[in-house]
Enquirer: 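Pasting a structure here, questions to come.
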Amino acid sequence: RASRPIRIWPALGAIVLAAFAWVSFAMFRRMTRLSRAVSKIASGNFDAVIDETHVDETGTLAKQVAGMRDAVRRRVEDLDKELGTLQTRVDVLRSNEAKYRSLIENSHDIIFSTDLDHNLTYISPQIERLGLSSENLEGEPMEGMIFSDDRPAFLEAFEGLILKGRESMLQLRVIDGDGEVRWLEQFPKLLMGGSGSVIGVTGILRDVTDRRQVDEELSNAKEKLEELVQERTKELDHVSDNLEKEKIERSETEKQLMNSWSILDNVLEFMPFCVALMDEKRRVFRVNKAILELGGYESKDEVVGKHCTE
């Protein structure tokens, strides 16, 4: 009887070992399932089933994994939406870029941009109209293409724009591919980066050589016209002076004639014989007193203006 309890211990040990083995196997199976679920989640399958019903450590771990799965799913969904929005923006930007590029390539003006050290970062293909290559110019200082005498003005305007934001139109000379001088108008503006800081200068160059030639021809013609006007004015002043002198001389002559006629009129009036003066049409325009008495006229108006035969 004293040895009976001693025989129970092996049986109890076997039961404990069996229970431990069963628990270990169950936990291993749960961990295996959980590991497979984690692998599916990692591969992007957020519908993987996770058993969260157990109250032991595996259940707690499963709940944590499930929470992480749901959080990752929401984040992925948010990222998908953001990517969709970004893709839409990229498509719009590409479309706008194509439009702007088309406008630039079909524009008559030359589009350019530089960095803060005056180096050309872009110049549109229109520069080839001047016999210059955009590939050779890009990456080089912009002042290199400008006529040497105009470089100081260009650099002064560039620094004024960068440091003070002072925009100004500038006319510069460029030597084209044929060695001829071409006049370009420059309209620069500050080039801003994404952070709002100044990263360079952009603007347009416009060929105004023909316009300057026309302006010079008009200026020369204006100068010649002004010279002709001055000469003509001098001539007119001389003529005016002569006319004024002639007017004065005629006035003096008229006065002398009037005086002479007054004297003659007095002489004729008191002549004892009849005197009548007629014009080329033989109409009487002057008679003396003797005719009035001879003809019995009361006034000279009865005779003056009549034909001599009346």
Enquirer: Quick one: do L205 and D109 satisfy side-chain contact (heavy atoms from CB on, under 4.5 Å)? Show the steps, please.
Expert: CA-CA 6 Å; L205 298 171; D109 295 330; over 6 Å; no
Enquirer: Is L172 reachable from V208 through a run of I, L, V, M, F, W or Y residues, each pair having side-chain heavy atoms under 4.5 Å apart?
Expert: no
Enquirer: If hydrophobic clusters are built by linking Ile, Leu, Val, Met, Phe, Trp and Tyr wherever their side-chain heavy atoms come under 4.5 Å apart, do F154 and L120 end up in the same one?
Expert: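 Looking at the clustering, L120 is in the same group as F154.
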Enquirer: Would one find more than 12 heavy atoms of other residues, nucleotides or ligands at under 6.0 Å from atom CD of E135?
Expert: no
Enquirer: Quick one: pull up CZ in F147 and CG in L184 and give me the separation to the nearest 0.5 Å.
Expert: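 The CG atom of L184 is 13.0 Å from CZ of F147, to the nearest 0.5 Å.
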Enquirer: Pairs of donor and acceptor atoms involving the side chains of residues 234-241, under 3.5 Å and at least two apart or interchain, shall be tabulated with distances.
Expert:
unit_1, atom_1, unit_2, atom_2, d
E235, OE1, R232, NH1, 3.0
H238, NE2, N242, ND2, 3.2

Enquirer: In terms of hydrophobic clustering (I, L, V, M, F, W, Y; side-chain heavy atoms under 4.5 Å; direct or indirect links), are L116 and L191 co-clustered?
Expert: no
Enquirer: Between S124 and I111 (side chain of the first, backbone of the second, donor and acceptor by atom type, cut-off under 3.5 Å), is there such a pair?
Expert: yes
Enquirer: Identify the heavy atoms of L132 and G177 that sit nearest to each other, and give their distance.
Expert: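 Closest approach of L132 to G177: CD2-N, 4.1 Å.
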Enquirer: Quick one about E140 and H118 (side-chain donor to acceptor, distance below 3.5 Å, no hydrogens or angles considered), yes or no?
Expert: no
Enquirer: What I want to find out is whether K245 reaches E249 closely enough, with some N-O distance under 4.0 Å, to be called a salt bridge.
Expert: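 Looking at K245 and E249, the cut-off is not met.
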Enquirer: Nearest 0.5 Å please: distance from the CD atom of Q186 over to the CG atom of L161.
Expert: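 So the CD of Q186 and the CG of L161 are separated by 9.0 Å.
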Enquirer: Taking CD in E302 as the centre, count heavy atoms belonging to other residues, nucleotides or ligands within less than 6.0 Å. Is the count above 12?
Expert: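 Yes, enclosed.
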Enquirer: If you round to the nearest 0.5 Å, how far is CG of D150 from CD of E143?
Expert: 12.5 Å
Enquirer: Before accepting this row, confirm whether a basic side-chain N of the pair K222/E227 lies closer than 4.0 Å to the acidic partner's carboxylate O.
Expert: no
Enquirer: Decide yes or no for I204 and I110: does some side-chain heavy atom of the first lie under 4.5 Å from some side-chain heavy atom of the second?
Expert: no
Enquirer: Grouping I, L, V, M, F, W and Y whenever their side-chain heavy atoms are under 4.5 Å apart, do L170 and M142 come out in a common cluster?
Expert: yes
Enquirer: Between T121, V201, I127, which is the residue that forms a side chain to side chain contact (heavy atoms under 4.5 Å, CB included) with F112?
Expert: V201
Enquirer: Look only at the side chain of S251 and the backbone of K247, and say whether a donor-acceptor pair between them is shorter than 3.5 Å.
Expert: no
Enquirer: Tell me whether R206 contacts the main-chain N or O of E185 through its side chain, where contact means a donor paired with an acceptor under 3.5 Å.
Expert: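 Flag not set: sc R206 to bb E185 has no pair under 3.5 Å.
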Enquirer: Do L130 and W183 share a hydrophobic cluster (ILVMFWY, side-chain heavy atoms under 4.5 Å, transitive)?
Expert: no
Enquirer: In sequence, state the C-alpha distance, the side-chain angles, and the governing distance for K189 and E167, and then conclude on side-chain contact (heavy atoms from CB on, under 4.5 Å).
Expert: CA-CA 6 Å; K189 289 184 175 294; E167 297 179 358; 3.1 Å; yes
Enquirer: What is the distance from atom OG1 of T233 to atom CD of E226, rounded to the nearest 0.5 Å?
Expert: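 Atom-to-atom, T233:OG1 and E226:CD are 11.0 Å apart.
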Enquirer: Within the 4.5 Å heavy-atom criterion, are E216 and V214 side-chain neighbours or not?
Expert: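 Not in contact.
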Enquirer: What's the verdict on side-chain contact (heavy atoms from CB on, under 4.5 Å) for N119 and T114, showing C-alpha distance, side-chain angles and the deciding distance?
Expert: CA-CA 5 Å; N119 297 317; T114 73; 5.9 Å; no
Enquirer: Nearest heavy-atom pair of S134 and E128: which atoms, and what distance?
Expert: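 Heavy atoms only, the tightest pair is OG-OE2, 4.3 Å.
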Enquirer: Ignoring hydrogens and angles, state whether a donor on the side chain of Q171 or R212 is under 3.5 Å from an acceptor on the partner side chain.
Expert: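 A donor-acceptor contact under 3.5 Å links the two side chains.
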Enquirer: Using 0.5 Å steps for rounding, measure from the CG atom of L228 to the CD atom of E223.
Expert: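 If I round to the nearest 0.5 Å, the distance is 12.0 Å.
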Enquirer: Using only atom types and a distance under 3.5 Å, with no angle test, would you say the side chain of S113 pairs donor to acceptor with the backbone of I123?
Expert: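 No, the answer is negative, given that no donor and acceptor are paired below the 3.5 Å cut-off.
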Enquirer: So does D117 get a backbone contact from the side chain of D115, meaning a donor-acceptor N/O pair under 3.5 Å?
Expert: yes
Enquirer: My understanding is that only one of R182, R129, Q126 makes a side chain to side chain donor-acceptor pair (under 3.5 Å) with D207; could you say which?
Expert: R182
Enquirer: State, to 0.1 Å, how close V174 and M145 come at their nearest heavy-atom pair, and which atoms those are.
Expert: CG1-O, 3.3 Å
Enquirer: Kindly compute the distance separating CD (Q87) from CG (L83), expressed to the nearest 0.5 Å.
Expert: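 Rounded to the nearest 0.5 Å, the CD-CG separation comes out at 8.5 Å.
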Enquirer: Compare every heavy atom of V181 with every heavy atom of T209, then report the nearest pair and how far apart it is.
Expert: CG2-O, 4.3 Å
